[in-house]
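Everything on this sheet refers to the single structure shown next.
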Number of protein chains: 2
Amino acid sequence: MKVSVLFSSGKDSSLAALLLEPFFQVELVTINFGISPTHEFAAESASKLGFPHSVLTLPSSHIEEAASLVVEDGSPGRAINYLHQQALEAVCSQSSCRAVADGTRRDDRVPLLSMPHVQSLEDRHNTMYMRPLFGYGRSAIDALVRQHLKVVQAQSDTVDKADYEAELRAFIRKQYNEGESIVVRSFPEHIQSHVINRIYP
Amino acid sequence: MKVSVLFSSGKDSSLAALLLEPFFQVELVTINFGISPTHEFAAESASKLGFPHSVLTLPSSHIEEAASLVVEDGSPGRAINYLHQQALEAVCSQSSCRAVADGTRRDDRVPLLSMPHVQSLEDRHNTMYMRPLFGYGRSAIDALVRQHLKVVQAQSDTVDKADYEAELRAFIRKQYNEGESIVVRSFPEHIQSHVINRIYP
């Protein structure tokens, strides 16, 4: 069975693809909202990992809406959740999609779908939503990543990665007065990861 | 890394072992409370699946306590949860245990550990608790089972399987006045599965 895995080139979505690989026909999908070409980094990582990869372009109006949530909340949580939901809906709406997966972990708070939302997604699209990392805690995931992936880590604003945050930051910087200070204020600094290859045994 | 997988010979714990197999050194562990030799069926299934298997015998006082919960509640949910917790604690207490896993699914209500309980288990034993099926819904799991496992299915009281319910039923039948009618009243009939082999590609 074919599974479309939402892919940012971060270690979580990369590991999700690796866990699915022995059991499904994995295809990576990177979402882009037309703000900055972050999908190019993802395409490179996908090629190194050896999976087919495609880019799904969604309307920039989603980023506009998400940016207004960031400004309203002073933090990116609700905006990231909103964008992830749009991404899942879009992938599931493709006629060829029987199953969709992401890199959501047990300890994640954002993005995270509630159980009623998961059921609704699966029922409306007659699809399967898979979270291969959802049964694992941080230390198990760290161990799997160390064993299987070559990763570059750095502060979230300096890593080339196709996550929602990158385009969201770029949009706010460009479109808002004092965009830079909104970004600095609203996005907590954290370590981001970008996968550059597998560790082949 | 070695992972001890709680194994009943049912399809969930069997599939959990299969999903872990490409990434960990899987060892199956069947719990027995000394009431009936249900672990013998599990040993046979484990051998067919090709995994090392051991039996961990726990005090029958746990079944006694669980039986009183069944009688008190008129249903087996709390008792099964209690036995599963005792099983996880016992496996994690083994000095060789670095990681423990089970076949808990996303849609399971019983047995199910709360998140604080999961954290407590991992912290107290300095171990990793893994639920490989936790990110999958029923239809995805059914598809994986169909593809990888040979399964016998029947009403829960007629399947040879090393789950908590089998010994719990046997204990209540033997030790309680009108044990048979307590069992009939308290355990809802449902389809149980017993794995007899892999489907080799």
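All of these numbers come straight from a predicted model, not from anything done at the bench. Throughout, a chain's letter reflects where its sequence line sits, starting with A, and its residues are numbered from 1. Below, each value reflects all heavy atoms present in this structure, side chains not excepted, and no hydrogens, waters or symmetry copies.
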Tabulate, in ascending numerical order, the residues of [range] having at least one heavy atom closer than 4.5 Å to a heavy atom of chain B, or enter 'none'.
{"range": "residues 110-143 of chain A", "value": "Met115(A), Val118(A), Gln119(A), Glu122(A), Met128(A), Tyr129(A), Met130(A), Arg131(A), Pro132(A), Phe134(A), Gly135(A), Tyr136(A), Ser139(A), Ala140(A), Ala143(A)"}
{"range": "residues 63-77 of chain A", "value": "none"}
{"range": "residues 22-42 of chain A", "value": "Pro22(A), Phe23(A), Phe24(A)"}

Quick check: are there more than 12 heavy atoms from other residues, nucleotides or ligands sitting under 6.0 Å from [atom1] of [X]?
{"X": "Glu89(B)", "atom1": "CD", "answer": "yes"}
{"X": "Gln175(A)", "atom1": "CD", "answer": "yes"}
{"X": "Arg98(B)", "atom1": "CZ", "answer": "no"}
{"X": "Glu44(B)", "atom1": "CD", "answer": "no"}

Examine whether an atom of Glu21(B) lies under 4.5 Å from a heavy atom of chain A, and if so say whether it belongs to the side chain, the backbone or both; otherwise answer neither.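 Contact with chain A involves no heavy atom of Glu21(B) at all.
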Only distances under 3.5 Å count here; give the side-chain donor-acceptor pairs of residues 1-12 of chain A to other protein atoms, sequence neighbours excluded, each with its distance to 0.1 Å.
from     : atom 1 : to        : atom 2 : distance (Å)
Lys2(A)  : NZ     : Ser96(A)  : OG     : 3.4
Ser8(A)  : OG     : Gly10(A)  : N      : 3.0
Ser8(A)  : OG     : Ser13(A)  : OG     : 3.4
Ser9(A)  : OG     : His194(A) : ND1    : 2.9
Asp12(A) : OD2    : Arg105(A) : NE     : 3.1

